[in-house]
Amino acid sequence: MMENLVYKSTRGHGDPVSASYAIVHGIAEDGGLFVPDHLPKMDKTLEELLTMDYRALAYEVMKLYLPDFSEDELHYCIDRAYDDKFDTSKIVPLSHPGETHVLELFHGATLAFKDMALSVLPYLMTTAAHKQNLEEEIVILTATSGDTGKAALEGFSNLSWGRIIVFYPKEGVSPIHKLQMVTQQGDNTHVVAIKGNFDDAQRSVKEIFTNPEEAVKMKNAGYMFSSANSINIGRLVPQIVYYYWGYLQMVRDQKVELGDSVNFCVPTGNFGNILAAHYAKSMGLPIGKLICASNSNNVLTDFFHTARYNSNRPFHITSSPSMDILVSSNLERLVYELCQGDGAKVQELMDSLRQRGSYILDLDPALLQEEFWADFADEEETAEAIRQMYTAYHYVMDPHTAVAYSVAEKYGKETGDARPMVIVSTASPYKFPASILAAIGVPAPKEEEALMEKLSEISDTTVPQRVRQVLGSQIRHHRVCEKDRVLAEVHDILGL
């Protein structure tokens with residue numbers, strides 16, 4: 001058991017806490033996000049890691065960030081998370097259409113990369129709750145732009161110690177996303193559509209977490225709030241693993257020599273996925289450049305070019321809804337590093353974001369660009385990327401992956417960087433059949449099941465059984481609320 005790492009708030013208040021405390025509470029009392037007091041270094045060589053399967057690798061990464069979890073506890077959580085719910089023994093396969101390298105993170109229960117962390121988070125939280133001797137019932141509050149909602153519902157359904165409430169934008173998710181959520185089984189699961197966008201849902205949920213009067217009310221009623229969003233460090237840490245796995249797969253597939261660096265291009269919305277890659281690089285993984293790929297909601301592209309974050313812009317509903325975000329919560333963790341751990345400065349910047357919708361970092365943007373490179377793909381470019389990969393290699397990408405592919409192509413042309421590039425693929429094409437068929441130029445049926453069959457036909461792949469199950473399932477969740485009534489909806493669900 002390792003005891004040399006603790007967590008503190010990005011906004012500087014409060015004492016350091018253990019990993020189990022940070023996981024159970026999700027967010028710090030001052031509204032900040034929990035970050036490790038230092039980023040650990042990997043204590044195994046790449047040669048040693050190369051021999052490991054995904055579960056063994058996950059243990060080697062996660063033990064460094066969760067020092068108050070015993071070896072047995074971590075193995076228990078990992079072994080139950082990464083089991084036959086994944087449709088491949090590799091857990092995360094690496095495909096090579098042509099000269100492109102695609103890390104496929106969508107082979108889990110809900111066909112999205114969120115499964116990589118949300119398969120293990122319920123086990124981590126159960127273990128952490130025991131460590132913290134909690135008496136309250138935990139209520140998981142989560143805002144989603146699509147993938148997180150279903151993955152969290154799947155992971156936390158039917159757990160005896162808590163409930164989960166998911167809020168999603170009524171008009172901002174794909175039909176399959178919506179069906180996956182509103183058909184969810186489990187008496188402890190609750191799903192609510194809000195009349196607003198993801199940022200509205202995320203803001204309302206974070207306000208609940210940081211409302212001291214609400215915390216007292218909940219405690220008196222026998223409840224406490226926690227989160228399954230990537231603001232929870234228990235969501236972020238498991239995501240580091242697949243960057244190590246992707247690199248080692250590149251070595252195994254003889255696409256790179258052990259020790260040589262590779263670039264990763266990550267479709268990015270809330271910044272958690274690419275932040276995990278940054279942590280992996282900080283641990284010693286040979287990563288060259290991290291390419292931050294956005295859709296038309298390109299607030300992060302502008303940030304990395306100017307060091308100014310400005311969410312005061314039109315909100316675009318796109319074919320890549322998990323990236324339809326203007327307030328990227330996890331960026332706060334990177335900002336904390338850039339501010340050299342000055343919590344008071346981070347508080348000032350986040351207050352500016354909340355009050356004015358923007359903030360400016362007092363640094364040269366060139367410093368940001370030493371590690372990150374950012375650009376975006378609009379809807380036409382996204383469709384062209386889907387069409388190009390299908391025409392050239394008969395390989396079908398979902399729109400989020402297509403955004404990353406398009407931006408990776410721009411990076412190569414603009415910089416001439418010849419290092420191998422791994423495209424991080426975050427969702428199954430079967431979650432977005434209409435967009436894909438339209439991009440390829442195939443007439444799309446109106447019925448969702450017929451869309452799936454047509455995609456199966458043109459791609460020579462099988463419709464995932466999980467999709468077939470969802471299409472035939474009964475709708476169980478019908479709640480809809482105004483964007484300013486999220487707290488009232490929570491009270492109603494809990495009977496307060």
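Excluded from the calculations below are hydrogen atoms, water molecules and symmetry mates; all remaining heavy atoms, backbone and side chain alike, are included.
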*Yes or no on ring pair (Phe, Tyr, Trp, His ring centres under 6.0 Å) for Y243 and F264, after CA distance, side-chain angles and deciding distance?*
CA-CA 9 Å; Y243 288 99; F264 283 89; 5.2 Å; yes
*How many angstroms lie between atom CG of L275 and atom OG of S329, to the nearest 0.5 angstrom?*
12.0 Å
*Report yes if the side chains of I423 and L103 come closer than 4.5 Å at any heavy-atom pair, otherwise no.*
no
*Which one of E137, K217, R163 satisfies the side chain to side chain donor-acceptor pair (under 3.5 Å) criterion with Y223?*
R163
*Decide yes or no for L159 and I138: does some side-chain heavy atom of the first lie under 4.5 Å from some side-chain heavy atom of the second?*
no
*Under the side chain to side chain contact (heavy atoms under 4.5 Å, CB included) criterion, do M116 and F86 qualify, and how do the steps go?*
CA-CA 10 Å; M116 301 309 303; F86 289 83; 3.6 Å; yes
*Quick one: side-chain contact (heavy atoms from CB on, under 4.5 Å) partners of T126, sequence neighbours excluded?*
H130, W161
*Answer yes or no: is there a side-chain heavy-atom contact under 4.5 Å between D302 and L300?*
no
*Heavy-atom count around D362 CG within 6.0 Å, excluding the residue itself: above 12?*
no
*Give a yes-or-no answer on whether the side chains of N295 and T318 include a donor-acceptor pair shorter than 3.5 Å.*
yes
_I'd like to know whether I436 forms a side chain to side chain contact (heavy atoms under 4.5 Å, CB included) with V396, so could you lay out the CA-CA distance, the side-chain angles of the two residues, the decisive distance to 0.1 Å, and finally the verdict._
CA-CA 8 Å; I436 291 168; V396 179; 3.6 Å; yes
*Between F376 and K410, is there a cation-pi geometry (under 6.0 Å to ring centre, at most 45° from the normal)?*
yes
_Whether the S425 and T401 side chains hold a donor-acceptor pair (N or O, under 3.5 Å, no angle test) is what I'd like checked._
yes
*Indicate whether the side chain of Y242 and that of Q239 have a donor and an acceptor atom separated by less than 3.5 Å.*
yes
*If you count the non-hydrogen atoms of other residues, nucleotides and ligands that lie under 6.0 Å from CG in D15, is the total more than 12?*
no
*When rounded to the nearest 0.5 angstrom, what distance separates CZ in R333 from CG in L236?*
5.5 Å
_Quick check: do S406 and E384 have side-chain heavy atoms less than 4.5 Å from each other?_
no
_My understanding is that only residues two or more places apart in sequence, or in another chain, count here; which of them pass side-chain contact (heavy atoms from CB on, under 4.5 Å) with Q469?_
Q465, R466
*Check ion pair E154-K85 (N to O, under 4.0 angstrom)*: no
*Ignoring hydrogens and angles, state whether a donor on the side chain of E214 or H491 is under 3.5 Å from an acceptor on the partner side chain.*
yes
*Is there side-chain contact between F225 and I140, with at least one heavy-atom pair below 4.5 Å?*
no
*Evaluate the side chain to side chain contact (heavy atoms under 4.5 Å, CB included) criterion for residues F315 and N297: first the C-alpha distance (whole Å), next the side-chain angles of each, then the deciding distance (0.1 Å), finally the verdict.*
CA-CA 7 Å; F315 182 92; N297 295 292; 4.3 Å; yes
*Classify the side-chain pair S18/S20 by whether it contains a donor and acceptor separated by less than 3.5 Å.*
yes
*Just wondering, are more than 12 heavy atoms of other shown residues or ligands nearer than 6.0 Å to CD in E447?*
no
*Test side-chain contact (heavy atoms from CB on, under 4.5 Å) applied to A28 - qualifying residues, sequence neighbours left out*: S9, D30, F34
*If we ignore angles and hydrogens, is there a donor and acceptor under 3.5 Å between the side chains of N310 and N312?*
yes
*asked:* Under a 3.5 Å threshold, yes or no: a donor from one side chain and an acceptor from the other, between K431 and Q180?
replied: yes
*Could you walk me through whether M125 and N232 pass side chain to side chain contact (heavy atoms under 4.5 Å, CB included), step by step?*
CA-CA 10 Å; M125 194 170 286; N232 191 317; 3.7 Å; yes
*Classify the side-chain pair D351/Q347 by whether it contains a donor and acceptor separated by less than 3.5 Å.*
yes
*Donor on one side chain, acceptor on other, K114 and T148, under 3.5 Å*: yes
*Whether S157 side chain and G186 backbone form a donor-acceptor pair below 3.5 Å*: no
*Do S311 and L353 touch side chain to side chain, with heavy atoms closer than 4.5 Å?*
yes
*Distance (rounded to the nearest 0.5 Å) between E489 CD and L494 CG*: 10.5 Å
*asked:* So which atom in L179 and which in L471 form the shortest heavy-atom distance, rounded to 0.1 Å?
replied: CD1-CD2, 3.9 Å
_Any non-hydrogen side-chain atom of L290 less than 4.5 Å from a side-chain atom of H278?_
yes
*Verify whether one side chain among S296 and D378 offers a donor that lies under 3.5 Å from an acceptor in the other.*
no
*asked:* As an exercise, state the distance from OH of Y7 to CD1 of I233, rounded to the nearest 0.5 Å.
replied: 5.0 Å
*Answer yes if the side chains of D115 and Y82 hold a donor-acceptor pair under 3.5 Å, and no otherwise.*
no
*Will you find, in the side chains of S95 and E104, an N or O donor that is under 3.5 Å from an N or O acceptor?*
yes
*With a cut-off of 6.0 Å (strictly less than), are more than 12 heavy atoms of other residues, nucleotides or ligands near CD of Q369?*
yes
*Verify ring pair (Phe, Tyr, Trp, His ring centres under 6.0 Å) between H400 and F432, making sure each step is shown before the conclusion.*
CA-CA 10 Å; H400 303 78; F432 306 94; 5.1 Å; yes
_To the nearest 0.5 Å, what is the distance between CG on N330 and CD1 on I231?_
8.5 Å
*Are Q202 and N270 close enough that a side-chain donor and a side-chain acceptor fall under 3.5 Å?*
yes
*Salt-bridge test for R11 and E332: reply yes if a basic N is under 4.0 Å from a carboxylate O, no otherwise.*
yes
*With side chains defined as the heavy atoms from C-beta onward, is the minimum distance between Y168 and T142 less than 4.5 Å?*
no
_Under a 3.5 Å threshold, yes or no: a donor from one side chain and an acceptor from the other, between E379 and S319?_
yes
*Do the charged groups of K289 and E371 touch, with an N to O distance under 4.0 Å?*
no
_Salt bridge R479-D492, side-chain N to carboxylate O under 4.0 Å_ = yes
*In Å, rounded to the nearest 0.5 Å, how long is the span from CG of D484 to OG of S204?*
8.0 Å
*Parallel, tilted or perpendicular: which fits the ring planes of Y65 and Y279, with parallel below 30° and perpendicular above 60°?*
parallel
